[in-house]
Amino acid sequence: MKLLLLWDIDGTLIHCRGCGKRAMEQAFQQIYGVEDAFRGIGMAGGLDLHFLEAAFSKHGLEVAGPAKLPDFFKLYYSELEREADTEDNILLQGVVSILERTEREPTWYNALGTGNLEQGARIKLDVHDLNRFFPVGGFCVEAVDRAVMLQQGVENASAHYGTPFAPEHVIVIGDTDRDIAAARAIGARVVAVATGGCTYESLEALQPDLLLRDLAQPQLLYDFLRQIV
Ligand SMILES: [Mg+2]
């Protein structure tokens, strides 16, 4: 049984306490001259380009904005490298041990399923040397929705690993209601972890296939994966 594990990043593998938002704010301020451009824009579980669109819309930059996007992204990535490499960027408990374990299992495959732009995701993960576990993934490539991003992750992983993955053998692991909804939309199973943007109780109400308080007790996850047929 080949299982594809699609991992969310923020709130699931790491906490960088708003490093992406801070980097976007700094780049936005320098390129577009607007301070605190992302204030009031909820970012957990969303896609980077949606946040940017929301900021353009909020500040009336629909026309002027996109033309400067290459400059914005260049600055965003350089700000993110600085913002992500601080003690605010925390590796969550149990993560490395689980990734080492799932990587060793011949029929379990790791990939990313994240609303980050790929370069931003790689910058955040590099601080903890986690990129080695994720040769492939689904990322925010255009302003599509989270389910499309996950589906792209499945297709990218199938191509990379040279094997198809049936929807019921795809397990999305994430920390928000948006991860659960997107997983359901592509017919995947979903493991919710209450280490990020949503409380245990609010995730429980959405009935994920497995709900964990954190990743520090990996046996529950392994048992869950082993019973999938
Ligand atoms: Mg998350």
Side-chain angles (χ1 to χ4, degrees), residues 4-24 38 41-52 54 76 80 83-84 88-96 98-99 102 110-128 130-131 133-134 136-141 143-154 157 170-186 188-216 221:
L4 177 64
L5 313 185
L6 276 185
W7 295 87
D8 170 60
I9 295 180
D10 300 293
T12 301
L13 299 175
I14 65 169
H15 258 310
C16 72
R17 299 191 180 156
C19 67
K21 187 172 188 172
R22 284 196 302 280
M24 276 202 185
F38 294 82
I41 298 173
M43 299 181 79
L47 275 67
D48 278 353
L49 293 178
H50 285 164
F51 308 143
L52 199 48
Y76 166 61
L80 186 59
E83 287 288 346
D88 279 346
N89 185 345
I90 290 167
L91 175 64
L92 287 167
Q93 209 183 351
V95 164
V96 170
I98 285 184
L99 293 174
T102 51
N110 289 314
L112 293 168
T114 173
N116 283 265
L117 293 150
E118 177 162 13
Q119 194 172 336
R122 297 299 181 188
I123 290 169
K124 289 181 184 178
L125 294 177
D126 189 51
V127 174
H128 301 293
L130 294 183
N131 281 314
F133 297 109
F134 303 109
V136 70
F139 305 90
C140 177
V141 287
V144 294
D145 72 24
R146 200 169 179 94
V148 174
M149 175 279 290
L150 287 179
Q151 191 58 46
Q152 285 170 346
V154 175
V170 174
I171 297 92
V172 171
I173 305 166
D175 66 302
T176 71
D177 53 332
R178 291 174 170 180
D179 296 277
I180 295 175
R184 297 268 187 249
I186 65 162
R189 296 169 201 257
V190 57
V191 175
V193 192
T195 45
C198 295
T199 63
Y200 184 93
E201 290 69 25
S202 69
L203 292 169
E204 189 174 37
L206 299 172
Q207 300 185 302
D209 298 285
L210 177 67
L211 175 58
L212 301 172
R213 291 199 183 274
D214 55 43
L215 294 176
L221 177 64

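Counting convention: from 1, in listed order, for ligands and their atoms alike. In what follows, every heavy atom counts, from backbone to side chain, and hydrogens, waters and symmetry copies are set aside.
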Suppose the cut-off is 2.8 Å; which protein N/O/S atoms would you list for the Mg ion (ligand 1)? Asp8 OD2, Asp10 O, Asp175 OD1
Positive for side-chain contact (heavy atoms from CB on, under 4.5 Å) with Leu112, one of Leu130, Leu5, Val136, Ile9: Ile9
Quick one, Val96 with Leu91, criterion side-chain contact (heavy atoms from CB on, under 4.5 Å). Give me CA distance, side-chain angles, the key distance, then yes/no. CA-CA 9 Å; Val96 170; Leu91 175 64; 3.6 Å; yes
Is any side-chain N of the basic residue among Asp8 and Arg146 closer than 4.0 Å to the acidic one's carboxylate O? yes
Tell me whether Arg184 is salt-bridged to Asp209, with the criterion being a basic N under 4.0 Å from an acidic carboxylate O. yes
Indicate the atoms forming the closest heavy-atom contact of Ile180 with Pro208, along with that distance.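 Reported closest heavy-atom pair: CD1-CB, 4.2 Å.
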Please determine, by modelled atom types, if Asp145 and His50 share a side-chain donor-acceptor pair under 3.5 angstrom.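 Asp145 vs His50: no donor-acceptor pair found between side chains.
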